[in-house]
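Encoded as structure tokens, the structure appears first; notes follow it.
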Amino acid sequence: MSENKNNIAKLSLPNGNSYELPIHSGTIGPDVIEIKKLYSDSDHFTYDPGFTSTGSCKSDITYIDGDKGVLLHRGYRIEDLADNCDYLEVAYLLLNGELPNKLQKSAFDNKITTHTMVHEQLALFFRGFRRDAHAMAVMCGVVGALSAFYHDSTDITDPSQRLVASHRLVAKVPTIAAMAYKFSLGQPFIYPRNDLTYSENFLHMMFSVPAEEYKIDPVLAKAMDKILILHADHEQNASTSTVRLAGSSGANPFACISAGIASLWGPSHGGANEAVIHMLNNIQKTGNVHEYVKKAKDPNDPFRLMGFGHRVYKNYDPRATVMKKTADEVLKAVGKENEPMFKLARELEKIALEDEYFISKKLYPNVDFYSGVILQAMGFPSSIFTVLFAVARTVGWVAQWNEMIEDPEQRIGRPRQLYTGSSERDFINIQNRI
Ligand code: SDX
């Protein structure tokens with residue numbers, strides 16, 4: 001971050017005071033106006049509900065240009081990473097800042113692979129849940145419970161412990177996700193295998209049963225890699241900001257990632273992929289796609305077109321483009337190229353993109369619009385879709401959490417407010433209250 005001496009913003013207040021605020025430039029993207037001292041100097045807070053115009057930190061990890069629909073991870077285009085890497089290659093990039101060479105890649109693969117098993121007693125945790133518990137509820141609980149098992153990697157001031165915790169989280173979250181799915185089915189947990197790649201292992205733990213050999217379809221394994229890559233990190237979104245805020249208090253990494261899972265669960269965020277499928281099912285039942293588009297446009301109707309719109313992208317989400325292409329490949333591979341749900345999704349997209357409401361508000365399909373169609377075709381139930389998002393995003397959360405801890409500028413996050421409640425008033429005993 002460079003402070004440009006000529007770059008000073010001037011703020012004048014009605015009381016006649018004025019303030020000079022430094023402007024900083026990053027590598028690319030908007031400059032920032034530093035307001036760290038504004039309150040102490042002016043006794044004023046800034047006000048930005050939803051943080052639409054607020055930069056919470058500086059970061060080297062991910063850059064988004066919402067107007068151009070560009071997404072870079074450590075400078076590399078998401079399209080190039082999705083087409084040429086496997087998930088652990090991108091995970092290495094997010095965590096270390098550079099793409100790995102062959103030796104680094106194989107050492108990293110081995111490091112993650114040898115952490116995929118969980119403590120055997122963790123399996124007992126699942127018994128406390130109802131079989132029909134939402135898998136994200138199970139994920140919040142069990143991932144948070146890792147803090148109770150891995151005490152040797154909870155001291156966040158020790159870089160070696162942070163490294164072990166980072167590897168454990170990337171390695172164990174898929175195992176726990178698969179256990180949550182198996183638990184919901186009443187099927188036995190499937191242990192990870194060290195001879196499989198990350199995505200192959202995940203499909204194996206999700207879909208194999210002891211009674212017969214599970215054959216991994218390479219097309220599905222490749223699609224799994226792509227889907228995980230497309231969801232791996234995305235700048236300072238709600239769940240990543242939650243992880244950073246939890247981490248800023250010094251909470252242990254397992255607890256912070258559990259907080260991120262909780263935030264991701266919301267239908268406005270990672271829960272949208274599940275909501276898209278429910279929406280498409282409802283549209284299929286009523287057969288009236290135009291009715292739903294009309295509801296989405298009605299300011300008095302809380303219904304929104306799930307999988308559409310984005311706080312940052314005011315253009316096509318580049319991940320949705322790759323996702324749509326992957327949907328074609330997967331549906332062909334599983335013999336569902338005429339899948340009605342996919343056809344309906346493409347029809348809905350066409351209608352929305354030609355509609356003045358969506359055009360004027362710059363609402364385009366986001367990462368969640370097509371992911372559900374693929375995941376359903378791959379055999380995942382919609383209740384697991386957001387869990388898959390959490391599996392993929394864990395490495396992004398961990399990379400951002402490490403960056404936050406290593407940033408000398410970072411302190412405990414503690415926003416202020418515009419107070420609109422009662423001013424001070426006298427207490428009245430209950431006997432005297434009407
Ligand atoms: C993710 O932040 C990230 O990076 C998130 C994510 C990641 O990788 O981490 O990209 C993942 O969360 C993707 C988004 C998934 N959510 C959905 O698909 C849910 C549907 N989308 C909306 O809820 C909404 O678009 C949000 C939540 C995504 C963004 O909301 P904003 O930025 O607060 O935008 P807004 O609500 O202020 O909308 C602006 C206008 C509003 O109309 P007006 O009040 O100006 O009249 O657009 C309208 C909204 O009503 N609008 C929609 C709409 N999204 C916004 N109208 C109909 N359907 C929609 N989907």
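Indexing begins at 1, ligand by ligand and atom by atom, following the structure's order. We're numbering straight along the sequence, starting at 1.
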(request) To the nearest 0.5 Å, tell me how far Phe125 CZ sits from Ile176 CD1. (result)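 The distance works out to 10.0 Å.
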(request) Hey, could you give me the CG/CZ distance between Asn273 and Phe369, rounded to the nearest 0.5 Å? (result)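 Output value for this atom pair is 13.0 Å.
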Out of [options], who gets a non-hydrogen atom closest to [atom]?
{"atom": "atom 50 (O) of ligand 1", "options": "His231, Met306, Arg304", "answer": "Arg304"}
{"atom": "atom 56 (N) of ligand 1", "options": "Tyr357, Phe389, Phe308", "answer": "Tyr357"}
{"atom": "atom 18 (O) of ligand 1", "options": "Gly309, Gly307, Ala320", "answer": "Gly307"}
{"atom": "atom 3 (C) of ligand 1", "options": "Lys314, Lys362, His310", "answer": "His310"}
{"atom": "atom 16 (N) of ligand 1", "options": "Ala352, Ser268, Gly271, Pro365", "answer": "Ser268"}

(request) Any atoms of ligand 1 less than 4.0 Å from a non-hydrogen atom of Asn237? List them with their elements. (result)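 Ligand 1 atoms under the 4.0 Å threshold to Asn237: 2 (O), 3 (C), 4 (O), 5 (C), 9 (O).
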(request) Check ligand 1 against Ala272 and write out every atom of the ligand that is under 4.0 Å from a heavy-atom position of the residue. (result)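 Counting atoms of ligand 1 from 1, those under 4.0 Å from Ala272 are 15 (C), 16 (N), 17 (C), 18 (O).
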(request) Looking only at distances, please establish whether an N/O atom of ligand 1 is found under 3.5 Å from an N/O atom of Asn366. (result)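 Yes; at least one N/O pair falls below 3.5 Å.
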(message) So for ligand 1, is Asp368 a polar contact partner (N or O within less than 3.5 Å, distance only)?
(response)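 N/O-N/O distance below 3.5 Å does not exist for this pair.
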(message) Taking CD in Glu98 as the centre, count heavy atoms belonging to other residues, nucleotides or ligands within less than 6.0 Å. Is the count above 12?
(response)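 It does not: Glu98 CD has 12 such atoms or fewer within range.
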(message) Atom OH of residue position Tyr214 - does it have more than 12 heavy atoms of other residues, nucleotides or ligands inside 6.0 Å?
(response)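 Yes - once you tally the heavy atoms of other residues, nucleotides and ligands closer than 6.0 Å, there are more than 12.
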Closest protein heavy atom (residue, atom, distance) for [atom]:
{"atom": "atom 33 (O) of ligand 1", "answer": "Arg311 NH2, 2.9 Å"}
{"atom": "atom 54 (N) of ligand 1", "answer": "Leu363 CD2, 3.8 Å"}
{"atom": "atom 60 (N) of ligand 1", "answer": "Leu305 O, 2.8 Å"}
{"atom": "atom 46 (O) of ligand 1", "answer": "Lys361 NZ, 3.0 Å"}
{"atom": "atom 4 (O) of ligand 1", "answer": "His234 ND1, 2.6 Å"}
{"atom": "atom 12 (O) of ligand 1", "answer": "His269 ND1, 3.0 Å"}
{"atom": "atom 8 (O) of ligand 1", "answer": "Arg319 NH1, 2.6 Å"}

Does the protein place any heavy atom closer than 4.0 Å to [atom]?
{"atom": "atom 37 (O) of ligand 1", "answer": "no"}
{"atom": "atom 31 (P) of ligand 1", "answer": "yes"}
{"atom": "atom 44 (O) of ligand 1", "answer": "no"}
{"atom": "atom 26 (C) of ligand 1", "answer": "no"}

Does [X] come within less than 4.0 Å of [Y], counting only side-chain N to carboxylate O?
{"X": "Lys222", "Y": "Glu329", "result": "no"}
{"X": "Asp328", "Y": "Arg346", "result": "yes"}
{"X": "Lys294", "Y": "Asp298", "result": "no"}

(request) Evaluate the ring planes of Phe254 and Tyr150, with Trp represented by its six-membered ring, and classify them as parallel (under 30°), tilted (30 to 60°) or perpendicular (over 60°). (result)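 Rings of Phe254 and Tyr150: tilted, 30 to 60°.
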(message) Please verify the inter-ring angle class for Phe108 with Tyr92; under 30° counts as parallel, over 60° as perpendicular, anything in between as tilted.
(response)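 Phe108 and Tyr92: perpendicular rings.
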Exam field: side chain [X] to backbone [Y], donor-acceptor pair closer than 3.5 Å:
{"X": "Thr175", "Y": "Thr116", "answer": "yes"}
{"X": "Arg311", "Y": "Gly50", "answer": "yes"}
{"X": "Asp48", "Y": "Thr54", "answer": "yes"}

(message) If you apply the rule side chain to side chain contact (heavy atoms under 4.5 Å, CB included), what do you find for Asp83 with Lys226, and how did you get there?
(response) CA-CA 8 Å; Asp83 288 346; Lys226 271 193 186 178; 3.7 Å; yes
Measure the distances from the heavy atoms of [X] to every atom of ligand 1 and state whether one is below 4.0 angstrom.
{"X": "Lys297", "answer": "no"}
{"X": "Gly50", "answer": "no"}
{"X": "Ala296", "answer": "yes"}
{"X": "Arg393", "answer": "yes"}
{"X": "Val312", "answer": "no"}

(request) Would you mind reporting whether Lys172 and Phe149 have side-chain heavy atoms less than 4.5 Å apart? (result)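 No, too far: nothing below the 4.5 Å cut-off.
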(message) Is the distance between the ring centroids of Tyr370 and Phe342 under 6.0 Å?
(response)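 Yes: the rings meet the under 6.0 Å criterion.
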